[in-house]
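For reference, the structure is listed below as structure tokens.
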Amino acid sequence: MGTSGSKGIDGVGGVVGGGAAAGAGGGDGDGGAGEAWHGGAQLYVSLKMENARISGDLVPHVCGSEPIIGSWDPSRALAMERELASMWELSFVVPPDHETLDFKFLLKPKDAATLCIIEEGPTRLLTGGMLEGDVRVALFKLNGDDEVLEFRVFNKADIVSPLDLAASWRVYKENFQPSRVRGIPDISINVTPTHAIEDGSAASLELDLEHYVVPAPTAPPVEYAANLAATPASLIQTGALWTNDMLLSDGIQSPSSVSADFEDHSNHKKNIETLVADSSKKIQSSGLIESKSVGTFTPLQKQDGQKGVFVDRGVGSPKLPKSASACSLASGLSFGSAKTMPEAAGAVAAGAVADRLHGSKEDRKLAIVLVGLPARGKTFTAVKLTRYLRWLGHETRHFNVGKYRRLKHGANQSADFFRDDNPEGIEARNEVAALAMEDMIDWMHGGGQVGIFDATNSTRKRRHMLMKMAEGNCKIIFLETICNDPNIIDRNIRLKIQQSPDYADQPDYEAGLRDFKERLMNYEKVYEPVGEGSYIKMIDMVKGQGGQLQVNNISGYLPGRIVFFLVNSHLKPRPILLTRHGESLHNVRGRVGGDSVLSEDGELYAKKLANFIEKRLKSEKTATIWTSTLQRTILTASPIVGFPKIQWRALDEINSGVCDGMTYEEIKKIMPEEYESRKKDKLRYRYPRGESYLDVIQRLEPVIIELERQRAPVVVISHQAVLRALYAYFADRPLREVPDIEMPLHTIIEIQMGVTGVEEKRYKLMD
């Protein structure tokens, strides 16, 4: 991209980013208008100067406004790096909607600290990553006016994703030389401040991390993942159907179709023995492939002649499916569920409504049926997917057949129970699978939308039985997890022995290990990979590198979102640190919204946070710091050095609209109806010309996807409402609880993500 007459990003000249944020402030009503821009992408700007006859040892420098150097003091000017014999370059990262930056080039001798020659002419201006005006030449007068040195000036701006930024920074840190990650030559960020930190130096701040640990509020004990599945209703409440009242305990009720037809409910109540006998019939797959909802895939030929598609982990991520606004869909529709469609569910609800109002009745309900050998991560995947879909507002429930088996036949079944030549064991296992499927269909008829059916389902007979039961009731997508890494399998087996109720009464660990391996061998003898119907295959994706995602006959809004989530998920352990910005002046004054600076306590917290991060992540070279675009989070992050910082507009505080800058007492006095509406339903309440919590959740989905994709630690410095929504995802909290989640100031919440699930730890750095 040239400097004179050049075009901007995507061929558009001038300013690249969206409009500036409308501001934000303290409390859960803080504001910050503006949509997420490219999922947190930044502008990578490169300034270059070229002169084939550079004089002596003069080195080009740049001085100017933040974030280039932060000072007009020539002694603190930032040196440009020699790229070629006659080319010098300086690169930096700015937000896409950054304010106009003014700066000048200057020449300094290598060994001189103060002597410099400033370029002639007016100050240079950088807007939207592009230089303004006639910017092709920089002139320097040497030896008075006797000699003029002329440099050609070039300017280029590129969009850089958070992942590319972190990758480039990692290469730079590890090699201490300009990198070439996707053509990015260098990143000049996080230069250690030259001035001393006043009233909070590293030496004066407590660095004993355990000193700050505080109990997490109502922290749940570590529990075996399968026990988090739905309670087997058919074994506890004889003849009882799932009702909407029961469903409402899990979060927002998804909109049901206009007529909740229960007449066909008895169709799936077939004799179990007949189903098992019929399941020997060969299943014919349609072979139809639609991948439009899950991005661009590469054709793959399978052994049975079917065409399929696969996603390589190294390939760029598919984009989220686009959907029209739900506003027009919400009006004029009468839904049969206990709650109507959430007022502010946006594109998420629009897609859900579209899925429900189009296609056959069974397509309105979705069953994700897990397939795979034991110890392949099925239950962990089921729990993770359940959490994600619930957080988006879809009624989702996890049904674990092992939980049914333990309740029906006891937890102390030996490996013989799982032999392929044990007819009693086969019948018992098919029976509990059918009971779980019946419960799931009952629940769907009561208003549920997505059921996660968690079992090995390792034979075509079993899968045929489930498909017969699903006919006319729900659409089935098989999700097969395949792992070929013996080390990972061995680790999962050992975790199973330690945590599963099947071995809770087995005092001899080695005996339990032998029994489970024998059980595994029994499954391996009869295992038949999925090749029928609609399916997703996760192959060696547990480590997040080098795996594949195969997709066959997948179409529709919600299935596309599920595929997109799975292709970005992995199990590599890494911490995610959540913290609010330091106390702001609006926090002190009790005002909503605005874009105020930090108070004295807030500035002190920023320094303590920097020291905390330095110690906690000192061995993590690839960690990143994420902030919103509002200055109180940027100021909180400013003392942190050694890590790239990325600004996300999606992390801006909830937009309080016309209430921006007011106190809640003023809102109560001036707009009493708005005050009462918010008090009644904080989740769905939308500030006039502002946002609701559901709006915030919708715009945070790209952040969640990126957090799931990251393999290195991430520090998120954001705002109360935003962090409540993010925390609700990791903690699997019902959406109705989001507005009331405790998110105190000056406290760090560390979320540890790994194969054993999600664990939480809290550090309170200040009272």
Side-chain angles (χ1 to χ4, degrees), residues 1-9 16 42-65 67-69 74 76-94 101-113 115-143 147-160 164-165 167-169 171-191 644:
M1 178 184 316
T3 57
S4 179
S6 62
K7 61 184 178 179
I9 304 300
V16 180
Q42 305 284 286
L43 275 182
Y44 174 84
V45 181
S46 173
L47 298 176
K48 296 185 179 183
M49 293 177 63
E50 181 184 37
N51 186 298
R53 297 171 51 218
I54 189 166
S55 177
D57 61 351
L58 293 177
V59 178
H61 284 62
V62 177
C63 67
S65 60
I68 296 178
I69 190 60
R76 296 176 55 196
L78 188 62
M80 303 182 74
E81 299 291 334
R82 187 187 292 275
E83 188 178 61
L84 301 171
S86 59
M87 184 76 73
W88 300 78
E89 195 260 358
L90 171 70
S91 57
F92 50 91
V93 177
V94 293
L101 308 175
D102 49 341
F103 68 95
K104 272 198 169 187
F105 294 108
L106 55 89
L107 301 177
K108 294 174 61 176
K110 292 180 180 179
D111 301 326
L115 179 63
C116 63
I117 304 168
I118 301 177
E119 71 168 309
E120 299 296 315
T123 300
R124 295 179 179 271
L125 300 177
L126 185 78
T127 304
M130 296 189 60
L131 292 175
E132 297 181 356
D134 187 7
V135 296
R136 289 172 293 181
V137 177
L139 299 177
F140 299 88
K141 291 184 178 181
L142 309 179
N143 304 318
E147 183 182 356
V148 176
L149 191 62
E150 181 178 301
F151 283 81
R152 293 178 63 195
V153 176
F154 303 91
N155 155 237
K156 184 179 180 182
D158 292 307
I159 295 175
V160 182
D164 295 338
L165 184 65
S168 181
W169 180 252
V171 172
Y172 175 74
K173 292 287 286 184
E174 290 179 352
N175 298 289
F176 295 100
Q177 59 187 10
S179 71
R180 289 293 182 270
V181 177
R182 297 202 180 184
I184 302 173
D186 187 7
I187 295 183
S188 301
I189 55 179
N190 289 316
V191 178

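No hydrogens, no waters, no symmetry mates; every other heavy atom, side chains included, goes into these values.
- Rounded to the nearest 0.5 angstrom, Met49 CE and Met87 CE are separated by 10.5 Å.
- Nearest heavy-atom pair, Phe103 versus Leu126, reported as atom, atom and distance to 0.1 Å: CE2-CB, 4.2 Å.
- Here Tyr44 contributes atom OH and Lys156 contributes atom NZ; the two are 9.0 Å apart, rounded to the nearest 0.5 Å.
- A side-chain donor-acceptor contact under 3.5 Å links Glu119 to the backbone of Phe105.
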Would Arg124 and Val153 satisfy side-chain contact (heavy atoms from CB on, under 4.5 Å), going step by step from the backbone distance to the final call?
-> CA-CA 11 Å; Arg124 295 179 179 271; Val153 176; 3.8 Å; yes
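- Lys108 contributes atom NZ, which lies 11.5 Å from atom CG of Leu58 (distance to the nearest 0.5 angstrom).
- Here the CG-CD distance, from Asp102 to Glu132, works out to 10.5 Å after rounding to the nearest 0.5 Å.
- Taking every heavy atom of both residues into account, Ala79 and Leu90 meet most closely at O-CD1, 4.3 Å.
- Of all heavy-atom pairs spanning Trp88 and Val59, the tightest one is CZ3-CG1, 3.7 Å.
- For Leu106 against Cys63, the heavy-atom pair with the smallest separation is CD2-SG, 3.4 Å.
- Taking both residues in full, the closest heavy atoms of Leu47 and Met80 are given as O-CE, 3.4 Å, listed atom of the first, atom of the second, then distance.
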Worked verdict on Phe151 versus Leu107 for side-chain contact (heavy atoms from CB on, under 4.5 Å) | CA-CA 11 Å; Phe151 283 81; Leu107 301 177; 4.1 Å; yes
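- In this structure, His61 and Ala77 approach most closely via the heavy-atom pair CD2-O, 3.6 Å.
- With Asn155 contributing its side chain and Leu131 its backbone, the two residues share a donor-acceptor pair below 3.5 Å.
- Legend: residues meeting salt bridge (charged side-chain N to carboxylate O under 4.0 Å, His left out) with Lys104, ordered by chain and number and at least two apart, are absent.
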